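Below is one structure, written out as structure tokens; the observations come after it.
No experiment lies behind these values; they were computed from the predicted model shown.
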Amino acid sequence: MDDNLQQQNFVPDNPALAHALFGQQNRHLRQIERLTGARLSSKGGTALVEGSGSQVELTCRILDELTSLLAAGFPLRSADIEYAGRILHSEITASLKDVFLDTVVVSSRGKTVAPKSLAQKAYVDAMRDKDVVFGIGPAGTGKTYLAMAMAVAMFAKKQIRRIVLVRPAVEAGEKLGFLPGDLAEKVNPYLRPLYDALYDLMDFEKGQSLIDQQVIEVAPLAFMRGRTLNDAFVILDEAQNTTTEQMKMFLTRLGFGSRAVITGDVTQIDLPRDKPSGLLDAMDVLSTVEGVRFVRFSDRDVVRHPIVQSIVQAYDRRSPEGIRTSSS
């Protein structure tokens with residue numbers, strides 16, 4: 001055996017959990033091998049871990065944390081093992097239970113919404129604690145979805161009385177005029193992602209009823225001018241496409257009992273090049289303001305299809321300063 005190679009047996013505290021931990025035909029162990037570079041085999045309820053000291057340490061830590069999740073009744077899936085590997089690779093002392101079991105809301109279809117990364121956990125904690133939260137990072141990191149989940153959860157607990165979902169329509173000038181329909185029909189395509197997130201969390205009929213009653217409002221940013229929003233959870237999505245004036249206007253709409261979450265990706269700015277992004281400006285102007293929290297996401301926090309993380313990384317390698325393309 002190589003002098004640098006180490007071996008360690010891992011035995012779950014609860015032997016009854018070994019099968020669920022290892023997976024059918026050791027499927028979960030094979031996945032952990034790919035994540036850590038260690039070699040894994042099993043005999044009965046024992047896993048044998050072989051590799052360098054750091055590989056063995058990380059692998060045993062992952063196995064131990066996953067065992068704790070299973071003991072708490074967490075239904076372990078392949079994607080969760082991937083997220084667990086990312087979390088513990090970046091912070092080996094992290095508690096997966098503190099992250100994965102921090103339920104934000106349970107959707108109408110019984111889907112539990114909870115953080116899947118340390119940045120998502122920090123984002124959820126910030127939304128509970130601060131009146132204004134900025135979630136900044138690439139597509140697929142859950143910024144808008146988690147904000148929507150928090151809004152739905154707070155509405156269900158009667159902590160707020162209404163939800164306002166806002167997006168800038170960056171082509172709301174001459175180009176928009178060529179589109180068919182009235183103004184609402186013209187801006188609707190810009191707002192569709194917000195509707196999609198809402199209906200994934202809330203029964204369609206209930207959501208539509210609340211929209212009809214204007215308890216939930218989905219509107220373009222321009223419609224916010226001159227308003228004061230009290231007892232509301234306000235989400236501004238795609239904030240990288242606001243101007244500095246629009247960002248100031250939005251933030252000064254907040255009334256008593258309200259909070260705002262602003263999401264955006266500074267690598268996907270669709271504004272004309274002579275117009276600075278309101279999100280970039282706010283990151284500078286508000287960085288030291290009490291009650292405002294900035295949470296930054298990276299490609300490690302992508303929770304969509306695994307290939308999305310690779311796509312984000314590929315674009316970042318080609319253009320470290322970001323590419324001004326349409327966001328998705």
Side-chain angles (χ1 to χ4, degrees), residues 102-116 120 123-124 126-128 131-135 139-170 172 179-225 227-239 241-242 250 253-265 303-305 327-328:
D102 184 9
T103 299
V104 178
V105 72
V106 178
S107 74
S108 60
R109 294 181 291 178
K111 175 183 176 182
T112 299
V113 179
K116 297 298 183 183
Q120 286 195 354
Y123 186 49
V124 167
M127 288 189 286
R128 290 177 175 136
D131 291 330
V132 177
V133 177
F134 287 78
T141 50
K143 305 181 300 295
T144 303
Y145 193 82
L146 281 174
M148 191 77 73
M150 184 62 71
V152 170
M154 293 187 68
F155 178 76
K157 295 175 183 176
K158 303 186 185 304
Q159 294 173 319
I160 46 109
R161 292 192 295 110
R162 59 188 312 214
I163 299 171
V164 182
L165 313 173
V166 185
R167 256 194 173 204
V170 295
L179 295 174
D182 58 22
L183 182 58
E185 292 170 325
K186 290 175 189 292
V187 300
N188 189 63
Y190 295 96
L191 306 175
R192 177 49 52 189
L194 295 174
Y195 284 107
D196 290 343
L198 175 64
Y199 293 137
D200 193 52
L201 291 162
M202 185 177 288
D203 177 79
F204 179 86
E205 291 184 359
K206 181 179 180 181
Q208 191 58 55
S209 174
L210 291 174
I211 290 172
D212 292 341
Q213 298 170 50
Q214 297 188 330
V215 174
I216 297 177
E217 181 180 354
V218 185
L221 178 59
F223 287 18
M224 294 296 105
R225 192 172 299 278
R227 300 178 61 184
T228 300
L229 302 172
N230 295 314
D231 298 314
F233 194 111
V234 192
I235 301 171
L236 173 58
D237 194 34
E238 298 291 339
N241 289 326
T242 63
F250 171 79
R253 298 309 92 202
L254 290 184
F256 293 107
S258 291
R259 60 185 64 203
V261 178
I262 300 96
T263 71
D265 178 359
V303 291
R304 290 183 181 171
H305 190 289
S327 57
S328 57

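In this structure, CD1 on I160 lies 11.0 Å from CE on M150, to the nearest 0.5 angstrom. Between the CZ atom of F233 and the CD1 atom of I216 there is a distance of 12.5 Å, given to the nearest 0.5 Å.
Under the side chain to side chain contact (heavy atoms under 4.5 Å, CB included) criterion, R161 pairs with D231, not counting sequence neighbours. Taking R109 as the reference, D200 meet the salt bridge (charged side-chain N to carboxylate O under 4.0 Å, His left out) condition, with sequence neighbours excluded. Considering only residues two or more places apart in sequence or on other chains, T144 meets the side chain to side chain contact (heavy atoms under 4.5 Å, CB included) condition with L194, D237, T263. Residues forming a side chain to side chain contact (heavy atoms under 4.5 Å, CB included) with T103 (at least two apart in sequence, or on another chain): V106, T112. In terms of the side-chain hydrogen bond (donor to acceptor under 3.5 Å, both in side chains) criterion, residue partners of Q213 (sequence neighbours excluded) are, by chain and number, S209. The ring pair (Phe, Tyr, Trp, His ring centres under 6.0 Å) check on F134 picks up F294, with sequence neighbours excluded. Checked against side chain to side chain contact (heavy atoms under 4.5 Å, CB included), R162 has the following partners two or more places apart in sequence or in another chain: V164, E217, R227, L229, A232.
Side-chain N or O atoms of D102 include none that pairs as donor or acceptor with a backbone N or O of A114 at under 3.5 Å. Y145 places no side-chain N or O within donor-acceptor distance of the main-chain N or O of A197, the cut-off being under 3.5 Å.
Among residues at least two apart or in separate chains, ring-ring contact (aromatic ring centres under 6.0 Å, His included) pairs with a member in residues 201-221 are Y199-F204.
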